[in-house]
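Order of listing sets the numbers, starting from 1, for every ligand and every atom in it. Here the structure is a predicted model, which is why all the values come from computation and not from measurement.
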Amino acid sequence: MPTSNAHPQLRIDIVSIFPDYLAPLELSLVGKAREAGQIDVRIHDLRDCTQDRHRTVDDTPYGGGPGMVMLPEPWGDALDSILGSDPSRTPVLVVPTPSGERFTQGHAAKWALGDWLIFACGRYEGIDSRVMEHFGERIHVAEVSLGDYVLAGGEVAALAVTEAVVRLLPGVLGNSESVVDDSFAPGRMAHLVEGPVYTKPPLWRGLEVPEVLLSG
Ligand code: JAH
């Protein structure tokens, strides 16, 4: 009988109207993890879930105000389709938004233990709130912010969260760069408050590496 693995392969689905924006996931640490089969990354174009000839994904906000809001129907269809593709996994729907809770190392550590992240990357003024309300009744939904600033959309935040999670998976980092667990350190993360770092040469442009570090 199949049972829960300590670390099942992580599947990551990302829905965006700019799927090419996620191209960096083919590079570096995350790209190598994909090539090694440690993660299964799937990028989706939200416009493939529109029904009209113009592939419309947005409309004016009820109540007025600036900009446009993303229509619920394409999001509902996109997420239904992704969720229906594997009923055996336990998804977390991650929605990057400036109004979300602050994303921390604690989220990354928890999600690295799970088996499925689905990112909904909004644009414009965001996604019709009923999408989060509806899927919140079916699966875990996490609206997260990287910090107090506004981007043009959720894609860059999805890249950041993906990298923060994937580097924690066993076997993804090399031996020379192993993970220190910062998730329970209060405030600034423990290994970063140790201070500045140095490597060779010991004298560079008149600047010396602190004497105390040269003996080791
Ligand atoms: C902007 C949808 N805190 C980073 C962050 C995350 C998402 C967004 N902005 C900033 C965003 C517009 C539409 C998401």
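In this structure, Q38 contributes its side chain and L169 its backbone to no donor-acceptor pair below 3.5 Å.
Considering all non-hydrogen atoms of both residues, E155 and S16 come closest at OE2-OG, 2.6 Å. Nearest heavy atoms, T56 versus T50: O-CG2, 3.1 Å.
Counting only heavy atoms from C-beta outward, the side chains of I43 and L25 approach each other to under 4.5 Å.
F103 and H107 have parallel rings, their planes meeting at less than 30° on a 0 to 90° scale where 60° marks the start of perpendicular.
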Tabulated below should be the N or O atoms of ligand 1 paired with protein N or O atoms at under 3.5 Å; can you produce that?
{"from": "ligand 1", "atom 1": "3 (N)", "to": "S145", "atom 2": "OG", "distance (Å)": "3.0"}
{"from": "ligand 1", "atom 1": "3 (N)", "to": "L146", "atom 2": "N", "distance (Å)": "3.1"}
{"from": "ligand 1", "atom 1": "3 (N)", "to": "G147", "atom 2": "N", "distance (Å)": "3.4"}
{"from": "ligand 1", "atom 1": "3 (N)", "to": "G147", "atom 2": "O", "distance (Å)": "3.0"}
{"from": "ligand 1", "atom 1": "9 (N)", "to": "L151", "atom 2": "N", "distance (Å)": "3.0"}

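The same ILVMFWY cluster, assembled from side-chain heavy atoms under 4.5 Å apart, contains both L146 and V165.
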